[in-house]
Protein chains: 4
Amino acid sequence: MGTPPEQTRGRKRSEQTRLAILTAAYELTTEVGYQDLTIEGIAARAGSGKQTVYRWWSTKADVLLEALALKADLSVTTADQGSFADDVGAFLRDSAVLLARPGVVAVLRSLMSEAQRDQDFRDRFQREFLHKRRGAIDVLVTRAARRGDKPAFLSADLCADLIFGLIWYRVLATEPKLTDQDIAALQRLLS
Amino acid sequence: MGTPPEQTRGRKRSEQTRLAILTAAYELTTEVGYQDLTIEGIAARAGSGKQTVYRWWSTKADVLLEALALKADLSVTTADQGSFADDVGAFLRDSAVLLARPGVVAVLRSLMSEAQRDQDFRDRFQREFLHKRRGAIDVLVTRAARRGDKPAFLSADLCADLIFGLIWYRVLATEPKLTDQDIAALQRLLS
Amino acid sequence: MGTPPEQTRGRKRSEQTRLAILTAAYELTTEVGYQDLTIEGIAARAGSGKQTVYRWWSTKADVLLEALALKADLSVTTADQGSFADDVGAFLRDSAVLLARPGVVAVLRSLMSEAQRDQDFRDRFQREFLHKRRGAIDVLVTRAARRGDKPAFLSADLCADLIFGLIWYRVLATEPKLTDQDIAALQRLLS
Amino acid sequence: MGTPPEQTRGRKRSEQTRLAILTAAYELTTEVGYQDLTIEGIAARAGSGKQTVYRWWSTKADVLLEALALKADLSVTTADQGSFADDVGAFLRDSAVLLARPGVVAVLRSLMSEAQRDQDFRDRFQREFLHKRRGAIDVLVTRAARRGDKPAFLSADLCADLIFGLIWYRVLATEPKLTDQDIAALQRLLS
DNA sequence: CGTTAAGCGAGACGGTACGTCTCGTCTTGGC
DNA sequence: GCCAAGACGAGACGTACCGTCTCGCTTAACG
């Protein structure tokens, strides 16, 4: 039936403050790094009180997770490109564009880092971010299975692990960006 | 040649204390998690002073990095298995054994997490751990290139990124262990 | 006029905590001595955080200085006793009462000791404590000068130095309390 | 008979090192203050090891106490000046000369300060320094009692407390040096 | 149209860990 | 066996943030 009427008495949540906090968190992450990002710092930069941050988010990572959705377009295209190879290519280019936005890599690193420390955030991160992108791969693989242009031994799970593994490993451990050459090689490899 | 004479005046570093600290750090990580691992806690458990920890390591992550080398056999076999596919299989099985040791996954997650926060540690982690294992893949790929049993478009770098990407992504984001089936699929894919 | 409106935003200072800290500091000094008095100990005994102590006082000596004012009645009677000798007698008996309060001698020693180490505290100690008591002697001497029952060669400064010198030297170096006999002798000497 | 044969095996105590330590302690006190005087600092300045300092003295205050005896002539003249007033005058002038030596006031403050914190040092300080000087006053008073030129109500103890009280209070609390005028006033007062 | 309840910026609170400092002790190897 | 060097266990320092808790003020819907 959906959420209840939501008793709305008293002052409404300030959208302006919400945006100020998200923006402050995002910017501070790229400026000082996640290590030195503090709730106190976010509140100070946003010109809000600490309590206002704590009222709506549990941790600095949660602020950042929402800030990412605000600052970067996280939608994934899964339109049929004609073949599995082209579908994979489109997805990878899509990802490369996302990663090229300023601050995105820094924020992703921070979120994945936090997910290693806080089991509860790990779950929220998976639900709000990882699963959404992984779902796209499922679509591609299912379509390819129907078409028959994908190696039989390549399960959807392994396929997703390989693609996201490559992307994340580059983000987390080695610096190089995803090039057209990389994308081409992956396309040949997976089909 | 080699390291200088090393002015050796004053009391020698206590090897016993060094081991106690490394062991304490390793065990505490598996017990309470990296988040709640503190230098104070390590020193207390090791029965040492805080300063003794700080004298030899800069951060708790550095203690853990050295503890990993002490607690887990990090040596990689690169013996020729006859074919690129078998070389890859051997490497993957080798890695699976390492990851199965108690505590190793927890420590690896912690180190990679820390590497995302602290640029300096990131460099040390790459140098002391990531590069060493990556070197093994270089050996395999070079050998395969000589033999000619590897797709031409698969560079050593991409190959390493794919393999380590898969392993790390599983460790960091999805839980499943590396199965024989996964290994078989990877072997078919890369050769 | 007077102090400005005192921007009163945010939570008010807790008077209860303030008293708990002052009491803890005073008691700990008599129990373990100034040497072993620590800010950490004060906070722990008071059931407060260290920061709360540091927020309002710079050093443990400053806590103690305020605690003294709280625990001991520092007011000095300068009511006219009829003659300079009786004025001096009243002041000395007043001081003897103060010194007899439990803990006062220990705290005074601590404060004078600290004043020797920290020039800044020295100034505060003079301003908040020494000057106040010294002012009383000035009153007595001025009154005596008007009356004419005081040796001409005895300046107010020298007189104060002699009286406080005796008191402080007894407190700091020799143990004996100020007796009625001592007071009588001083009265004869100074008039 | 004196001290026993003093088993003398091994290296003799280095008199040069002893003097270096005492000098270093004395100078450092005047330079950085007692607060920032550390055993480590003394050893470093003296070019000795910490252990060598600890072997011969228990605290930095004890080093300083011995350094004072080395650096300042602590001998007290008690030669008969003909009258109690002149004896007192001679003693006070003697003290003024001592206090005028560079560093002496700083060291005396430090020692008295330390005596307030450490009961054991307090005893040593009294025995090694305070009692020696106090003895001189006893001599003067005894001689005056024989001569009869001293008020009967002025006991040796009170007399000493007054004289040392004045001197110490000036040193510890108010800055002014002992002037000839002060001395003259004291002479008139006590006789 | 005033009551009332939530949101707000501010900031004090009890805590915890930080990284540094100094203490006094304990080894070392050289003299 | 004394000495300089320096690692060691110990523990307080003053700082930074944590997450919570008042404060007094502002801003609506409700009655």
Side-chain angles (χ1 to χ4, degrees), chain A residues 7-18 20 36-44 46-56 58-60, chain B residues 7-18 20 36-44 46-56 58-60, chain C residues 7-18 20 36-44 46-56 58-60, chain D residues 7-14 16-17 36-41 43-44 46-56 58-60:
Chain A
Q7 269 286 106
T8 61
R9 277 238 281 173
R11 190 173 177 171
K12 292 271 180 61
R13 175 175 184 182
S14 161
E15 180 65 10
Q16 183 183 321
T17 295
R18 178 179 159 266
D36 294 342
L37 179 70
T38 64
I39 299 263
E40 300 215 332
I42 294 171
S48 82
K50 284 165 60 175
Q51 194 56 256
T52 304
V53 181
Y54 280 113
R55 192 176 293 118
W56 304 107
S58 6
T59 69
K60 61 177 179 175
Chain B
Q7 265 289 101
T8 150
R9 285 236 276 172
R11 189 173 176 173
K12 292 269 179 63
R13 175 174 184 182
S14 162
E15 180 65 12
Q16 184 182 322
T17 296
R18 178 179 159 266
D36 293 342
L37 179 70
T38 64
I39 297 264
E40 301 211 318
I42 294 171
S48 83
K50 284 167 61 176
Q51 196 57 255
T52 302
V53 181
Y54 281 112
R55 191 176 295 118
W56 302 107
S58 353
T59 69
K60 62 177 178 174
Chain C
Q7 267 288 103
T8 154
R9 289 231 277 168
R11 189 175 177 172
K12 294 269 178 60
R13 175 173 183 182
S14 161
E15 180 65 11
Q16 183 182 321
T17 294
R18 178 179 158 267
D36 292 342
L37 178 70
T38 64
I39 299 265
E40 302 213 319
I42 294 171
S48 84
K50 283 167 61 175
Q51 196 57 253
T52 302
V53 182
Y54 282 113
R55 192 176 293 118
W56 303 107
S58 349
T59 68
K60 60 177 179 175
Chain D
Q7 264 289 102
T8 57
R9 281 233 283 168
R11 192 168 171 174
K12 289 267 178 60
R13 175 174 184 181
S14 160
Q16 182 183 322
T17 296
D36 293 343
L37 179 71
T38 63
I39 297 263
E40 301 213 333
S48 82
K50 285 164 60 176
Q51 197 53 257
T52 304
V53 181
Y54 280 114
R55 202 179 342 265
W56 304 107
S58 7
T59 68
K60 61 178 178 176

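Chain identifiers are assigned alphabetically (A, B, ...) following the order of the sequence lines, protein sequences preceding nucleic acid strands; residue numbering begins at 1 within each chain. In this text, all values refer to a predicted model and were calculated from it rather than measured experimentally.
- In terms of position on DNA chain F, the residue among Ser14(B) and Gly41(C) whose nearest nucleotide sits closer to the 5' end is Ser14(B).
- Candidate nucleotides dC17(F), dC3(F), dA4(F) were compared by shortest atom distance to the side chain of Thr38(A), and dC17(F) ranks first.
- For Arg55(C), the listed nucleotide lying nearest its side chain is dA12(E); candidates were dA12(E), dA12(F), dT25(E).
- Between Ala46(C) and Lys60(B), the one whose closest nucleotide on DNA chain E sits nearer the 5' end is Ala46(C).
- The distance from atom CD1 of Ile39(B) to atom C1' of dG9(F) is 16 Å, rounded to the nearest whole Å.
- Trp56(A) carries Arg13(A) over the face of its six-membered ring, with the cationic atom under 6.0 Å from the centre and within 45° of the normal.
- Residue Arg11(B) places no side-chain N or O under 4.0 Å from the OP1 or OP2 atom of dT28(E).
- Closest approach to the Trp56(D) side chain among dC3(F), dC23(E), dC18(E) is made by dC3(F) (side chain taken as heavy atoms from C-beta onward).
- If you measure from atom CD of Glu40(B) to atom P of dA12(F), you get 12 Å, rounded to the nearest angstrom.
- Rounded to whole Å, the distance from CG on Asp36(C) to P on dC13(F) is 11 Å.
- The distance from atom CD of Gln16(A) to atom P of dT26(F) is 16 Å, rounded to the nearest whole Å.
- In this structure, the nucleotide among dC8(F), dA4(F), dC30(F) sitting nearest to the side chain of Arg13(B) is dC8(F).
- Residue Thr17(B) has its side chain nearest to dC8(F) when only dT20(E), dG24(E), dC8(F) are considered.
- Protein atom NZ of Lys50(B) is 14 Å distant from nucleotide atom P of dT16(E), rounded to whole Å.
- The distance between atom CD of Glu15(C) and atom C1' of dA12(E), rounded to the nearest whole Å, is 14 Å.
- For the atom pair OG1 of Thr52(A) and NZ of Lys50(A), the computed distance is 11.5 Å after rounding to the nearest 0.5 Å.
- Of all the heavy atoms in Leu37(B) and Lys60(B), the pair that sits closest is O-NZ, 2.9 Å.
- Close to dG29(E), at under 4.0 Å from its OP1 or OP2, lies a side-chain N or O of Lys12(B).
- Checking Ala43(D) against Gln51(C), the closest nucleotide of DNA chain F that is more toward the 5' end is the one next to Ala43(D).
- Among the atoms of the strands shown, only primed sugar atoms or phosphate atoms (P, OP1, OP2) are found under 4.0 Å from some heavy atom of Gly47(C).
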